[in-house]
Amino acid sequence: MSIVPEIKVKVAAVLKEMYGIETTESELTINSTKPEFEGDYTLVLFSFVKSLKKSPEQLGNEIGDALVKAHPALFTGYNVIKGFLNLTVADSYWICFLQSNYNQRRFGSKPANGQKVMVEYSSPNTNKPLHLGHLRNNFLGWSVAKILEESGYEIIKSCIVNDRGIHICKSMIAWQKFANGATPQSTGVKGDHFVGEYYVKFNDAYKAEVDQLINEGMDKATAEKEAPIMKETQQMLQDWEAGKPEVINLWNMMNSWVYEGFDVTYKRIGSDFQKMYYESDTYLLGKQFVEEGLQKGVFYKKDDGSVWIDLTADGLDEKLVLRKDGTSVYITQDIGLAQQKYDEFKYDQSIYVIADEQNYHMKVLKLILQKLGKPYAEGVYHLSYGMVELPTGRMKSREGTVVDADDMVDEMVNVAKQKTEELGKVKDFTEAELKELYDTIALGALKFFLLRVDPKKKMIFNPEESIDFHGFTGPFVQYTHARIRSILRKSEVSNQKSAATGLLKLEKDIVIMLEQYPTILEQAVAEHNPSVIAIYVFNLAKAFNTFYTEHSVMNAESEEKKQLRLQISEMTANVIASGMSLLGIRVPERM
RNA sequence: GGUCCGGUAGCUCAGCUGAAUAGAGCAACUGCCUUCUAAGCAGUAGGUCACAGGUUUGAAUCCUGUCCGGAUCACCA
């Protein structure tokens, strides 16, 4: 058991024995003792003062006395200040904890719990390359999956590719019109970027046609509908749905270009999936549920044949689930896909990593599944994350302010290279080693930057800050790891029982933090939130650096001290490495 | 307009299941490399926690209202 719950159990026993009051764990507040006071953990006394009719000081002294007397191996002292009982945990407890965990590679991980979780993330469109927003999504989804996996869940990472629809036809039409048969191969442009260029070309051509029609006296709305290129695109969508071979061939060809490009990007940023879904396969799913919903009285049909669900009683609106022409809408497809996923994997939980602009949609999806009585409805969880904005405001593809994912990674690699060369610490590295190091640092910086903020909140991406490798950053944590590894390379850590008997303040600070790691991991799981790990790992690295400048490991005062510090160092390196791995960040031996 | 989310130091963010004098990083200023990697450390300065009420022994945190910003409410996806 972790130390905090253990303290709570002991306190509860004392309260029961001395005053006859029953307390639950949540009624007891144990905080880390503020650095300006003596002690490790603090019990807040106020809540008992009233019912026990004792002054906080008296109560604190009584409880403190009883705790020290009953558990001399755990508590070595206490002090009471105002309504706070500050408890000092025995050094021997911390040393023993360190001794038994310092060389564990996966401290904090849990055995399989039999629960199966699907995590759907990334969800790209096949008409343009990935951008900064996708990166946040990919890093989040991957990390949450990894965090759950480390905590004993079986994970299936999945991805739904939006590979059909009007937006896909736009780039197809533009390619037909403007490409003269050009291909990624013939131009040397990465496939997803290549196709993205034609999507842009479509919009340019479309805009020109609309402007011309307006100049000829047409109103804007009509012009947007009547523009010839738009009509061609809509025709193409119909041809696609009808399965017209030349359209399908073109579609297959252009999508394959995009996938080649995506493969490169995914590999580079470390995204992977066990199961791919394609909207072209799933867009017709869900229609069967319309009939089921009608029979169960969950849906109703309007005179024009369209089918709806009334969610006004749940504080939402009426929502269309089937068009009057009998085709399904997005939400209907999602119902179908949820069922298909469940049929195949029988998941306990299904996490959808989708931006918060779809909060309403996901609420509706879950509600409909519940109303249809689906057994998996409760397990549907929308991991909603905020949009990434630039200091200048929202990214807008039409205004060309979108930050491209590949460009972003390239730039980070360049910065990593430049800074590494400036510092000149790894001049003996081979080309291959250098390349790997630049990648490790670049992606570490980028991932840490995007994962360190609470997913729920929108974030401002400041390019200048993102290339800073000092302070609250991935490279700072990586650097701390490299520093520790440097020490460990030079010295054997003895597996002998530590002979050390006491801990200095800065030594204990680190051990206390290390002990908290499993609790932090639990919090990250409960909140589906990687940022708590990023923050923790940064604080741990910071504490180690403080210790490092103050005390020497290699030239410690005694052999016992040296061994103790080596153990602290090794465990810190291990916890940094595993914490960072949960964020999808590698950690170098040297940098 | 309805619903939802947010407003904490110049900037980016923690803290939000109530608890001690509100914390980091960046930016600014001061120091520290003959000693295990200075991508580091130590220090100074910087706050009416949007505003007003309320609950409480105690509120950045909970409740109500107001102001400001954003998202959403498509037979789009």
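These values consider heavy atoms only, across backbone and side chains, with no hydrogens, waters or symmetry-generated copies. Order of the sequence lines fixes the chain letters, A, B, ..., with proteins taken first and strands second; residue numbering starts at 1 for each chain. A quick note: this is a predicted structure, and the numbers were derived from the prediction, not measured.
Nucleotides rG70(B) and rC62(B) place their P atoms 24 Å apart, quoted to the nearest Å. To the nearest whole angstrom, the two P atoms, one in rC4(B) and one in rG40(B), are 44 Å apart. Taking the P atom of each, rC49(B) and rA60(B) are spaced 8 Å apart, rounded to whole Å. Across rA20(B) and rU64(B), the matching P atoms stand 25 Å from one another, rounded to whole Å. Taking atom P on both rA42(B) and rA71(B), the two are 41 Å apart, rounded to the nearest angstrom. Annotation: rC63(B) and rG6(B) have their P atoms spaced 11 Å apart (nearest Å). Nucleotides rG69(B) and rA50(B) place their C1' atoms 11 Å apart, quoted to the nearest Å. Taking atom C1' on both rG54(B) and rA22(B), the two are 22 Å apart, rounded to the nearest angstrom.
Atom-to-atom distance recorded for Leu85(A):CG and Ile30(A):CD1 is 8.0 Å, nearest 0.5 angstrom.
Taking every side-chain heavy atom of Lys363(A) into account, rC4(B) is the closest of rC4(B), rA19(B), rA20(B). Closest to the side chain of Glu465(A), from the set rC4(B), rA24(B), rU12(B), is rU12(B).
Remark: Asp454(A), Lys457(A), Lys458(A), Met459(A), Ile460(A) in residues 454-464 of chain A come within less than 4.0 Å of RNA chain B through at least one heavy atom.
Distances shorter than 4.0 Å separate some side-chain N or O of His470(A) from OP1 or OP2 on rG40(B). Applying the 4.0 Å criterion to OP1 and OP2 of rC41(B), one finds that Lys542(A) has every side-chain N and O outside that range. In this structure, Lys490(A) does not reach the rC36(B) phosphate: none of its side-chain N or O atoms is under 4.0 Å from OP1 or OP2. The phosphate of rC36(B) (OP1 or OP2) has no side-chain N or O of Ser552(A) nearer than 4.0 angstrom. For rA42(B), the OP1/OP2 oxygens have a side-chain nitrogen or oxygen of Thr546(A) closer than 4.0 Å.
Residue-level contact check: Asn359(A) touches neither bases nor backbone, having no heavy atom under 4.0 Å from any strand. Nucleic acid contact class of Phe37(A) (heavy atoms, under 4.0 Å, all strands): base. Counting non-hydrogen atoms under 4.0 angstrom, Arg590(A) reaches a base of the nucleic acid. Residue contacts for His481(A): at a heavy-atom cut-off of 4.0 Å it reaches no nucleic acid atom on any strand shown. Across all strands shown, Phe472(A) has heavy atoms under 4.0 Å from sugar-phosphate atoms exclusively, and none from any base. No contact: Ile484(A) has no heavy atom under 4.0 Å from any strand. Counting non-hydrogen atoms under 4.0 angstrom, Thr42(A) reaches a base of the nucleic acid. Among the heavy atoms of the strands lying under 4.0 Å from Val553(A) is at least one base atom, whether or not backbone atoms are also near. Note on Thr420(A): a base of the nucleic acid sits closer than 4.0 angstrom, heavy atoms only.
Classification of the Trp240(A)-Tyr283(A) ring pair by plane angle, with boundaries at 30° and 60°, yields tilted.
Residue Phe84(A) and nucleotide rA20(B) are classified as a stacked aromatic pair, their ring centres being separated by less than 5.5 Å at an interplanar angle below 30°. With centres under 5.5 Å and a plane angle under 30° as the test, the ring of Phe46(A) is not stacked against the base of rG58(B).
Residues satisfying the side chain to side chain contact (heavy atoms under 4.5 Å, CB included) criterion with Ser486(A), sequence neighbours excluded, are Arg489(A), Lys490(A). Judged as a side chain to side chain donor-acceptor pair (under 3.5 Å), and not counting sequence neighbours, the contacts of Tyr19(A) are Glu62(A). In terms of the ring-ring contact (aromatic ring centres under 6.0 Å, His included) criterion, residue partners of Tyr206(A) (sequence neighbours excluded) are, by chain and number, Phe202(A).
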Contact state string [nucleotides 71-77 of chain B, B base, S sugar-phosphate only, - no protein heavy atom under 4.0 Å]: SSS-BSB
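A donor-acceptor contact under 3.5 Å is formed by the side chain of Asn86(A) with the base of rA20(B). Taking only distance into account, the side chain of Thr549(A) never meets the base of rA42(B) through a donor-acceptor pair shorter than 3.5 Å.
Nucleotide rC33(B) carries a syn base; the chi torsion (O4'-C1'-N9-C4 or O4'-C1'-N1-C2) is within 90° of 0.
Look at Lys319(A) and Asp310(A) and you find no salt bridge, because none of the NZ, NE, NH1 or NH2 atoms lies under 4.0 Å from a carboxylate O. Residues Asp356(A) and Lys457(A) are not paired through a salt bridge, judged by the lack of any N-O separation under 4.0 Å between the basic side chain and the carboxylate.
For Phe476(A) and Phe538(A), the ring centers sit closer than 6.0 Å to each other.
For RNA chain B, if you chain together Watson-Crick or G-U pairs that step i with j, i+1 with j-1 and so on, the runs of at least three with distances under 3.5 Å are B:1-7 with B:67-73, B:10-13 with B:23-26, B:28-32 with B:40-44, B:50-54 with B:62-66.
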